> 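Handing you a structure now.
Since we're looking at a predicted model, the values are computed, not measured.
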Amino acid sequence: MNKAQLIQAVAKTTGNRAQAADAVEAALDAIVRAVAAGEVVSVTGFGSLTPQVRQARTARNPQTGEPVEIAERRVVKFRPGARFQDLVAGRRAMPESGNCIQKDPKTPKVAHP
């Protein structure tokens with residue numbers, strides 16, 4: 001799914017493509033800005049985006065075998081949420097409708113006599 005397809009899927013729920021495009025753009029912009037600023041973005045049921053620093057290191061050129069210095073750099077790591085992993089792995093059934101990453105409703109506690 002690309003961004004245009006994501007906007008189209010959101011538009012099915014909102015009923016308005018312009019509003020869906022604005023919502024998707026705003027959400028993605030907020031996520032990118034937060035992670036770039038060094039914050040962890042965590043969406044319950046979906047996953048976490050974490051900025052990390054990869055230390056400088058020495059690698060080898062596979063063609064020549066010569067050492068090559070690789071500078072320190074910042075990367076983004078994504079860790080999917082447990083519900084997301086369960087849906088992808090087939091350990092949990094995909095709901096027919098509604099939000100698939102929303103928590104299950106709590107079951108009422110039954111008093112034991």
Side-chain angles (χ1 to χ4, degrees):
M1 175 181 278
N2 61 28
K3 190 163 84 171
Q5 292 167 329
L6 177 61
I7 290 170
Q8 186 176 8
V10 172
K12 287 179 185 175
T13 303
T14 65
N16 185 328
R17 183 169 169 73
Q19 284 180 336
D22 288 344
V24 169
E25 292 284 344
L28 294 176
D29 182 66
I31 291 168
V32 169
R33 288 178 185 275
V35 175
E39 297 176 41
V40 174
V41 175
S42 181
V43 179
T44 302
F46 181 71
S48 299
L49 293 155
T50 309
Q52 289 192 334
V53 175
R54 288 210 179 144
Q55 300 298 322
R57 63 188 175 92
T58 303
R60 296 223 172 262
N61 181 331
Q63 292 180 335
T64 63
E66 293 180 24
V68 177
E69 293 299 318
I70 298 177
E72 179 179 280
R73 61 188 176 134
R74 292 179 63 194
V75 297
V76 179
K77 289 193 82 171
F78 175 71
R79 182 171 179 240
R83 181 175 298 275
F84 186 9
Q85 286 179 327
D86 289 346
L87 288 166
V88 171
R91 293 186 295 261
R92 177 183 286 269
M94 184 69 68
E96 293 294 323
S97 64
N99 190 332
C100 66
I101 63 169
Q102 212 167 28
K103 288 185 176 181
D104 292 329
K106 290 186 177 180
T107 56
K109 293 184 179 180
V110 178
H112 294 287

> Minimum heavy-atom separation for Ala9 and Met1, please, with both atom names.
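Looking at all heavy atoms of both residues, the closest pair is CB-CE, 4.3 Å.
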> The test is side chain to side chain contact (heavy atoms under 4.5 Å, CB included); show your working for Leu6 and Asn2 and say whether it passes.
CA-CA 6 Å; Leu6 177 61; Asn2 61 28; over 6 Å; no
> As an exercise, state the distance from OG of Ser42 to CZ of Arg79, rounded to the nearest 0.5 Å.
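Between Ser42 OG and Arg79 CZ, I get 9.5 Å after rounding to 0.5 Å.
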> Between Arg60 and Val68, is any pair of side-chain heavy atoms under 4.5 Å apart?
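No, side chains not in contact.
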> Got Arg74 and Gln52 here, is their nearest side-chain heavy-atom distance under 4.5 Å?
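No; the side chains remain at least 4.5 Å from each other.
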> Quick one: CG on Asp22 to OG1 on Thr14, what's the gap to the nearest 0.5 Å?
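Between atom CG of Asp22 and atom OG1 of Thr14 there are 10.0 Å.
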> May I ask you to decide if the ring planes of Phe46 and Phe84 are parallel, tilted or perpendicular, using 30° and 60° as cut-offs?
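Because their plane-to-plane angle is under 30°, the rings of Phe46 and Phe84 count as parallel.
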> For Gln63 versus Asn61, what's the shortest heavy-atom pair and its separation?
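Scanning both residues, the minimum pair turns out to be N-OD1, 2.8 Å.
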> I'd like to know whether Lys3 forms a side chain to side chain contact (heavy atoms under 4.5 Å, CB included) with Leu28, so could you lay out the CA-CA distance, the side-chain angles of the two residues, the decisive distance to 0.1 Å, and finally the verdict.
CA-CA 10 Å; Lys3 190 163 84 171; Leu28 294 176; 4.0 Å; yes
> Could Glu69 and Arg57 be called an ion pair, given the rule that one side-chain N must be under 4.0 Å from one carboxylate O?
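Looking at Arg57 together with Glu69, the answer is no, because their closest N to O distance does not fall below 4.0 Å.
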> Heavy-atom distance under 4.5 Å between the side chains of Arg91 and Gln85, does that happen here?
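Yes - at least one pair of side-chain heavy atoms lies under 4.5 Å apart.
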> Determine the minimum heavy-atom distance between Ala93 and Leu87, stating which atoms define it.
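What the structure gives for the nearest pair is O-CD2, 3.7 Å.
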> So does Arg73 get a backbone contact from the side chain of Arg54, meaning a donor-acceptor N/O pair under 3.5 Å?
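Here the side-chain-to-backbone pair does not exist.
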> Grouping I, L, V, M, F, W and Y whenever their side-chain heavy atoms are under 4.5 Å apart, do Val43 and Val88 come out in a common cluster?
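In one cluster: yes.
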> Rounded to the nearest 0.5 Å, what separation is found between the OG1 atom of Thr58 and the CD1 atom of Ile70?
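Thr58 atom OG1 to Ile70 atom CD1 measures 8.5 Å (nearest 0.5 Å).
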> So if I apply the side-chain contact (heavy atoms from CB on, under 4.5 Å) rule between Thr50 and each of Val76, Val41, Val40, Val75, which one comes out positive?
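For Thr50, the side-chain contact (heavy atoms from CB on, under 4.5 Å) check succeeds only for Val40.
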> Any side-chain heavy atom of Arg83 sitting closer than 4.5 Å to one from Arg92?
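Yes, close enough: below the 4.5 Å cut-off.
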